[in-house]
Amino acid sequence: MTNLKEDLQRRLFWHGAMVFLIGMVACGGGAAAGLLPGRRAAVGGHIQAVLNSLWLICVGVIVPHLNLGTTMLKALFWSLMVGIYPHISAYLLFGYWNVKSQLMPLGTAGAPTDANEFQENVLAAILLGPVTCCMIAGVVMLLLGLSGPKPKSA
């Protein structure tokens with residue numbers, strides 16, 4: 001179990017650094033360089049990426065203290081991955097499309113046109129599907145792992 005926790009911890013640290021890099025280069029750099037016409041959405045993606053990278057690193061620090069089995073540890077990891085990467089992708093898409101969205105009113109304010117039905121459906125499918133469900137599931141698993149007795153190896 002310790003090897004799995006160490007591996008999971010390193011993978012969470014790695015993905016935390018990767019999400020930070022994506023936020024700095026793709027979202028932040030895209031907005032600053034004018035490569036993404038929807039600058040508010042791009043800056044929102046930058047902020048979300050930085051916060052999500054910190055979240056992954058914090059969860060990585062907590063992993064040795066979790067009282068979860070192998071399956072739950074793997075489920076925790078994948079729920080975070082499926083929740084975080086699409087979240088940033090949604091902001092990048094709307095930064096590229098430069099349209100107003102009802103689901104992301106602050107991040108897309110100032111865009112010249114309203115999103116069409118396809119664009120709204122893509123955003124809804126991303127944000128209301130994997131992002132919301134997986135992030136909530138990940139936090140619930142984290143709370144379950146922190147409740148109960150302290151793991152023997154920690």
Side-chain angles (χ1 to χ4, degrees), residues 1-98 101 103-109 111 119 122-148 150-154:
M1 182 66 82
T2 303
N3 288 341
L4 174 65
K5 285 186 176 182
E6 288 172 2
D7 179 53
L8 182 64
Q9 190 174 40
R10 288 184 53 77
R11 289 170 64 193
L12 286 166
F13 291 159
W14 188 91
H15 283 283
M18 177 56 75
V19 169
F20 187 82
L21 180 65
I22 291 169
M24 296 302 289
V25 175
C27 301
L35 300 174
L36 296 172
R39 287 189 177 182
R40 285 186 86 147
V43 170
H46 164 74
I47 292 167
Q48 288 299 323
V50 169
L51 291 174
N52 282 313
S53 69
L54 293 173
W55 173 242
L56 287 174
I57 291 167
C58 287
V59 172
V61 169
I62 294 170
V63 162
H65 304 284
L66 296 177
N67 193 10
L68 294 174
T70 302
T71 304
M72 286 290 280
L73 284 170
K74 290 178 181 179
L76 170 63
F77 174 80
W78 284 109
S79 70
L80 293 175
M81 295 302 108
V82 173
I84 287 174
Y85 282 105
H87 191 195
I88 299 161
S89 300
Y91 278 90
L92 278 170
L93 272 176
F94 271 77
Y96 175 75
W97 285 336
N98 195 24
S101 170
L103 286 172
M104 202 186 303
L106 296 176
T108 59
Q119 291 166 327
V122 166
L123 184 63
I126 293 171
L127 293 180
L128 302 177
V131 172
T132 302
C133 295
C134 289
M135 292 305 283
I136 290 172
V139 171
V140 168
M141 285 184 264
L142 192 65
L143 290 170
L144 287 173
L146 290 170
S147 62
K150 182 179 176 182
K152 293 176 184 175
S153 60

With rounding to the nearest 0.5 angstrom, report the [atom1] to [atom2] distance, [X] to [Y].
X	Y	atom1	atom2	value
Ile84	Leu51	CD1	CG	10.5 Å
Leu12	Met81	CG	CE	5.5 Å
Asn67	Met72	CG	CE	10.5 Å
Ser53	Phe13	OG	CZ	12.5 Å
Met24	Leu21	CE	CG	9.0 Å
Leu36	Tyr96	CG	OH	9.5 Å

Decide yes or no on side chain to side chain contact (heavy atoms under 4.5 Å, CB included) for Tyr85 and Ile22, but give the supporting numbers first.
CA-CA 10 Å; Tyr85 282 105; Ile22 291 169; 3.8 Å; yes
Qualifying residues under side chain to side chain donor-acceptor pair (under 3.5 Å), relative to Ser101, sequence neighbours excluded:
Glu120
Minimum heavy-atom separation for Ala49 and Gly23, please, with both atom names.
CB-CA, 3.3 Å
Minimum heavy-atom distance Ala41-Thr108, with the two atoms named:
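Nearest heavy atoms, Ala41 then Thr108: CB-CG2, 4.5 Å.
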Can you tell me which residue pairs pass the side chain to side chain donor-acceptor pair (under 3.5 Å) test with a partner in residues 18-44, sequence neighbours excluded?
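Not a single pair qualifies under side chain to side chain donor-acceptor pair (under 3.5 Å).
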Candidate pair Leu80 and Val59, rule side chain to side chain contact (heavy atoms under 4.5 Å, CB included), full reasoning:
CA-CA 10 Å; Leu80 293 175; Val59 172; 3.8 Å; yes
Kindly indicate, with the supporting measurements, whether the criterion side chain to side chain contact (heavy atoms under 4.5 Å, CB included) is fulfilled by Cys27 and Val43.
CA-CA 6 Å; Cys27 301; Val43 170; over 6 Å; no
Acceptor/donor pairs from residues 122-148 side chains to any protein atom, 3.5 angstrom cut, sequence neighbours excluded:
{"from": "Thr132", "atom 1": "OG1", "to": "Leu127", "atom 2": "O", "distance (Å)": "2.5"}
{"from": "Ser147", "atom 1": "OG", "to": "Leu143", "atom 2": "O", "distance (Å)": "3.4"}
{"from": "Ser147", "atom 1": "OG", "to": "Leu144", "atom 2": "O", "distance (Å)": "2.9"}

I'd like to check the side chain to side chain contact (heavy atoms under 4.5 Å, CB included) partners of Gln48; sequence neighbours left out, ordered by chain and number.
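By the side chain to side chain contact (heavy atoms under 4.5 Å, CB included) rule, Gln48 matches Asn52, His87, Tyr91.
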Applying ring-ring contact (aromatic ring centres under 6.0 Å, His included) as the test, list every pair that has at least one member in residues 17-57; sequence neighbours left out.
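The answer is none; no pair qualifies.
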So, the side chain of Lys5 versus the backbone of Leu66: is there a donor-acceptor pair under 3.5 Å, distance only?
yes
For Arg11, which residues count as a salt bridge (Lys or Arg N to Asp or Glu O under 4.0 Å) partner, sequence neighbours excluded?
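By the salt bridge (Lys or Arg N to Asp or Glu O under 4.0 Å) rule, Arg11 matches Asp7.
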Tell me, do Gln119 and Leu93 make a side-chain contact under 4.5 Å, heavy atoms counted?
no
